[in-house]
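One-based numbering, in listed order, for ligands and for the atoms of each.
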Amino acid sequence: MTIVAHERFQSPADAPDYEIDRVSPVGAGAAAITLKGLEKSFGGNRVLRGINLHIPAGQFVAVIGKSGCGKSTLLRILMGLDAPTVGELHFEDAAGKDTQANARIVFQEPRLLPWLSVAENVVVGLGDKIDKRVALREAEAVLSEVQLSEKTGDWPSQLSGGQRQRVALVRALVSKPGVLALDEPLGALDALTRISMQELLNRVWRELGFTAVLVTHDVSEAVHLADRVIVLDEGRVALDLAIPHPHPRRHGNADLAELEGRLLAAILGSDGGH
Ligand SMILES: Nc1ncnc2c1ncn2[C@@H]1O[C@H](COP(=O)(O)OP(=O)(O)OP(=O)(O)O)[C@@H](O)[C@H]1O
Ligand SMILES: [Mg+2]
């Protein structure tokens, strides 16, 4: 896919603390994320109860856990859409300095603007720095790569759910994010569309090298896409599991199925190893 910043990739060796052999490059704008002692309460409801995490730049992390365990709350705090009650959140650049990352979020529902065309929706977040006609041409090129070239002039209401979600993902990607947060972005899609969107996400992540945090209910999706899967349980990290397999991954791999089993056991609270 040529959305893209092919420029200025760092070598994987520049990414500190990276436990897994990374075959894909880390993107120049990718930020590391550090959470220290993060807590969030809504009234007396302690939703996040001390999260400590370091996510190296360019890592793909999936966050799974039971409904209501605090996944969306964690993402909202990462995105600056909500403030923690206690604790710290930092984005760091490659030199380890605090930075303002270009952070984008994709939600389960596409949230397109109904009064703008598909192509205009894609460029809407790019601001004034880019010439609108140039941006629209780029949007059209990218849309054709996700099989939407026929739809660039349509209204969002004329698209199917899966097509709309592709537009929402493309909109986040054209801004060349340093950090991409995804809150169940594929949850409403049928199985086949879901798999093709997973492939798209994986391919673009390998090309752009942003830091990704994906919340999903689907353990198999987590294991298929992520370098590392975090299980949240009652506001704490119950399991932090590396998935040390090269990308792209094949569905049905036996080693991945074994990791999937461990994660399921952890979610269900019967993980013998932990
Ligand atoms: N703005 C809010 N005000 C009050 N309580 C909230 C608010 N947002 C979330 N909560 C509470 O925080 C808890 C965690 O919610 P959150 O949306 O983070 O869960 P989740 O893990 O994303 O669940 P799901 O898998 O169902 O999306 C829930 O008990 C919810 O009621
Ligand atoms: Mg949620």
Side-chain angles (χ1 to χ4, degrees), residues 33-55 59-91 103-112 161-162 164-165 168-169 171-172 177 179-191 193-194 197-198 201 205 211-241 243 259-271 274:
I33 307 169
T34 303
L35 308 177
K36 280 192 196 149
L38 202 85
E39 301 198 10
K40 179 70 181 176
S41 300
F42 295 103
N45 185 7
R46 288 181 67 212
V47 174
L48 299 177
R49 304 178 176 212
I51 306 276
N52 296 296
L53 273 182
H54 179 71
I55 303 176
Q59 192 170 64
F60 197 126
V61 176
V63 180
I64 60 178
K66 288 184 192 126
S67 180
C69 71
K71 304 180 295 295
S72 295
T73 302
L74 182 64
L75 267 204
R76 291 177 55 77
I77 291 175
L78 277 183
M79 287 293 104
L81 299 172
D82 208 345
T85 311
V86 181
E88 292 174 27
L89 161 68
H90 301 283
F91 291 106
R104 297 282 156 157
I105 185 161
V106 181
F107 295 99
Q108 181 166 9
E109 71 288 3
R111 302 195 184 186
L112 303 180
R164 276 183 223 154
Q165 196 58 325
L169 188 60
R171 177 176 58 188
V179 173
L180 183 64
L182 304 123
D183 196 351
E184 289 277 346
L186 314 182
L189 304 179
D190 67 86
T193 311
R194 194 175 174 110
M197 290 279 286
Q198 287 171 358
L201 183 56
W205 169 69
T211 310
V213 185
L214 167 74
V215 166
T216 178
H217 276 111
D218 183 338
V219 180
S220 141
E221 177 170 289
V223 166
H224 189 68
L225 293 175
D227 292 326
R228 173 184 183 188
V229 183
I230 284 162
V231 178
L232 274 193
D233 187 30
E234 297 189 352
R236 292 197 178 86
V237 175
L239 180 61
D240 184 348
L241 189 67
I243 313 289
L259 292 171
E260 203 178 311
R262 283 183 60 188
L263 287 163
L264 272 173
I267 294 177
L268 299 173
S270 59
D271 181 36
H274 281 262

Pick, from Gly68, Gly187, Gly235, Gly43, the option with the minimum heavy-atom distance to atom 28 (C) of ligand 1. Gly68
Which option out of Ser41, Gly70, Ser72 puts a heavy atom nearest to atom 17 (O) of ligand 1? Ser72
Using 0.5 Å steps for rounding, measure from the [atom1] atom of [X] to the [atom2] atom of [Y].
| X | Y | atom1 | atom2 | answer |
| --- | --- | --- | --- | --- |
| Ile230 | Arg236 | CD1 | CZ | 15.5 Å |
| Leu89 | Lys36 | CG | NZ | 11.0 Å |
| Arg76 | Lys71 | CZ | NZ | 14.5 Å |
| Glu184 | Leu189 | CD | CG | 10.5 Å |

For Lys40, is the nearest heavy atom under 4.0 Å from an atom of ligand 1? no
Close side-chain approach of Ile267 and Lys66, heavy atoms under 4.5 Å: yes
Taking the side chain as everything from C-beta on, heavy atoms only, tell me whether Leu201 gets closer than 4.5 Å to Leu182. yes
Which protein non-hydrogen atom lies closest to [atom], naming both residue and atom, and how far is it?
| atom | result |
| --- | --- |
| atom 29 (O) of ligand 1 | Asn45 ND2, 3.4 Å |
| atom 25 (O) of ligand 1 | Lys71 NZ, 2.7 Å |
| atom 26 (O) of ligand 1 | Ser67 OG, 2.6 Å |
| atom 6 (C) of ligand 1 | Phe42 CD1, 3.3 Å |

As a test of understanding, state which of Leu53, Ile77, Leu48 forms a side-chain contact (heavy atoms from CB on, under 4.5 Å) with Leu35. Leu53
Residue pair Gly70 / Val47: nearest heavy atoms and the distance that separates them: CA-CG1, 3.7 Å
For Gly65, is at least one N or O under 3.5 Å away from an N or O on ligand 1? no
Answer side chain, backbone, both or neither: which part of His217 comes under 4.0 Å from ligand 1, heavy atoms only. side chain
What do we get for Thr73 next to ligand 1 when only non-hydrogen atoms under 4.0 Å count, side chain, backbone, both or neither? both
Could any protein non-hydrogen atom be found less than 4.0 Å from atom 12 (O) of ligand 1? yes
Please find out if the Mg ion (ligand 2) and some N, O or S atom of Ser72 are separated by less than 2.8 Å. yes
